[in-house]
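Each chain gets a letter, A, B and so on, in the order the sequences are listed, and its residues count up from 1. Every heavy atom of this structure was used, including side-chain atoms; hydrogens, water molecules and symmetry mates were not.
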Amino acid sequence: MDVSKLNPEQRKAVETTEGPVLILAGAGSGKTRTLTARVARLLEKGVPAWNILALTFTNKAAKEMKERIEAMVGESAADAWIMTFHSACARILRRDIEKLGYKRSFVIYDSDDQQSLLKDIVKRMGVDDKAFSPKSVSSLISDAKNHLILPAEWRDTHADDERSETIYNIYLEYETRLKALNALDFDDLLVKTLELMVEHPPVLEYYRNRFRYVMVDEYQDTNEVQYRLCQLLTKESQNLCVVGDDDQSIYSWRGADIHNILDFEKDFPNAVVIKLEQNYRSTANILDAANQVIAHNEQRKDKRLWTEEGEGEKIHTFCADDDRSEATWVANRIIELHKQGDAYQNMAVLYRVNAQSRQVEDMLVNSGIAYNVYGGTKFYDRREVRDVMAYLRVLANPADDMSLRRIINVPRRSIGDSTVSLLEEHARGNEMPLYSALTDMPEKLTSRPRKCVQEFAGLMTLLSVEMATMPLPEFVEDLMVRTGLRAQYENDPTDDAADRLKNMEEVVNAVRQFAAEHEGATLEEYLENVALITDMDTTKETDGHVTLMTMHSAKGLEFDNVFVIGMEENVFPSYRCVDDKVKLEEERRLCYVAMTRARKRLYLSRARQRMVFNQVNMNPPSRFLEEIPRRLMEDEWATRHERAFGKEPPPMRSTQKPQPRMIKRPDDPLNLQRSNPLGIPGVQKGISAVPQTAGFRAGDHVMHRKFGEGVVTDLVGTGVDARIRINFTAFGPKEFSLGLAPIVKMED
DNA sequence: GAATAAATTGTTTTT
DNA sequence: CAATTTATTC
């Protein structure tokens, strides 16, 4: 293991192999390199690979780490568990879940499955499905599970009203049904693993002995269950090494608790804390800007990333007329960069919500530029693909009524709703899965549907025999023929059907690839893989392709040129977060993550108006834009006097156009609402509620939107670069750019 | 029971 | 607007 390429802090992280270690790794600080080197070091010291557990959040991160470790030490790392939390839990459960009363053939329900189950429950309970939409209920349940709150506890900790009672009933029924279906949702994978460890000490003992060294990546994103699992596993060995960055915590909406990383030193008082603060990725300007933005957060560990890189280009900003011309601008810049010799794979367009990819896609298609969109509608979310999966799931786990119901009449085989209802009723009466009702039919069933069901039951029996005898890929191919799924689309001349057919063929390819990578793989293993894989993980041809993805998905990645689009209030930060201080700080962290993805050039764009919900919406520039010091930015209008479409620049003053919605700021003591609808960074014209450079002197009493009262101590520089230093009564001395800081002079 | 027409409804972010 | 759900007709 050659540590000479590491800096002193990184080296310390690699060499500290024993005891609790907290590595605070800023963006681009060589985190993965350090982590992989640490694993290599452990192996080199003679720690057997099977003693090592390295947990990540994404398959991509796991895969990368695994590959890099293998490149360093070769096959000797093969026995180490380097995988996501969810995969590790699935694997642990596959061994011992029978101790919890499930069967080992359990299936994993994704959020779609979860929601259709909830929908079914709500419908059967006869409650108002508007007030209890599957979406809202599923997030409540997920939230409860992530905090280890079982139905009974949920009821005890919530108001004693009708709504809570109903939710409790749904939650309870949901749990009961899942168990009957022999299915686990995503949260269950973690919760049940914890349950297994807590209630079955020998199991815990086994894994404690096995995993002597536990490492956790992106620790700031762990939720309570993951946290407890880590604590439990390392209680004896104390060998828990966590890596994270509180500034990059962007998953609290999924139960991630930032306190897990903030309180690590409390949990392990003897922890070695290592800070990786040198950034090897971005130019100084980009890093500086990102640092400035994140400095506006109150809830954070103080740190400052630095770099040896040169300043580089300024951050390019642009304000387009609408979302369409914003996309055109992006496409044009991409073309320009490409002409300069930058390859498309070095460019990424990042956005807040998946829907924003549409316009950019259109423009890239028009320009003939290849691209990959990550996220959004996933391959495995397509109807035809899910149909195939439903067949496979029923065969793997006949208790899966939900999947069976999905495919019992797909393709059409004249088993309609009324027949299914009869079968279901009968199955429920006899406390058996729906699948059993296919062969043990209720007497009420008349001869015609009876025959159809019989035929279907015969098909399923045939398939289960084939499943046991044929290699997996061939079996899947055969299944699509025997079930008639193929024929359904083959006889359809529309383009749509051709696409679907192609997707089904893609499933066979995926199975074939999986079988090739995992020798002797079973159907269960394949299904598990499918359930835990995301769109990010499907291998794509990246060469010559521009990357389009959400800022969330971009975490952990880096590109030479990064475009962040939709830098507007109510878009980014999202309208759902604008009124909540805590949520807003998470948005800001997301902004920090997005900005720090860029190595050489960062482009921030916004649109004056944008179509949202099928109506025109006008939003002021994102507050994050205003948190970047002006000296680091260069606006296209100001410098080039050009427009995406060669139109005249719009008037600087708003005429009768619809007024943008004002941002509500309950915490704004002076009511300094943004009155700068057309405000262009770099062209300081519109900020009118904020006093301009003139008028401040040392000794003046001022009021800041966030920091409250203070006294001006100093003024530095002139013009756009002018800065002001203020000593706040409550927050001490701070420095701001005079043009940007939301301060006003107080009347004495 | 199936095919078609009408109506409704929704947009964070993901394992 | 587009995709899904519900109503209507055959």
Phosphate contact (B:dT13 OP1 or OP2) by A:Asn354 side-chain N/O below 4.0 Å: yes
Just checking [X]: base, sugar-phosphate only, or nothing, at a heavy-atom cut-off of under 4.0 Å?
X	answer
A:Asn59	nothing
A:Asn409	sugar-phosphate
A:Phe57	sugar-phosphate
A:Arg589	nothing
A:Ser553	sugar-phosphate

What are the atom names and distances for every N/O pair under 3.5 Å that joins the protein to nucleotides 3-5 of chain B?
from	atom 1	to	atom 2	distance (Å)
B:dA3	OP2	A:Arg412	NH1	2.7

Pair A:Arg589 + A:Glu586: basic N to acidic O under 4.0 Å: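 Yes.
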B:dT14 base stacked by A:Tyr251 (centroids within less than 5.5 Å, tilt under 30°):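 It does not: the two rings, one from A:Tyr251 and one from B:dT14, miss the stacking criterion.
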Any A:Leu140 side-chain heavy atom under 4.5 Å of A:Ile167 side chain: yes
B:dT13 to C:dT4 separation - C1' atoms, rounded to the nearest Å: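 These two C1' atoms come out 23 Å apart once rounded.
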Within residues 415-426 of chain A, residues whose heavy atoms come under 4.0 Å of DNA chain B: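 Output list: A:Gly416, A:Ser418, A:Thr419.
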Under 3.5 Å side-chain donor-acceptor pair for A:Glu224 and A:Gln226: no
Between A:Asp400 and A:Tyr109: side-chain donor-acceptor atoms closer than 3.5 Å: yes
Under-3.5 Å N/O pairs linking protein and nucleotides 3-5 of chain C:
from	atom 1	to	atom 2	distance (Å)
C:dT5	OP1	A:Lys119	NZ	3.3

Among B:dA2, B:dG10, B:dT14, the nucleotide that comes nearest once only the side chain of A:Ser414 is considered: B:dA2
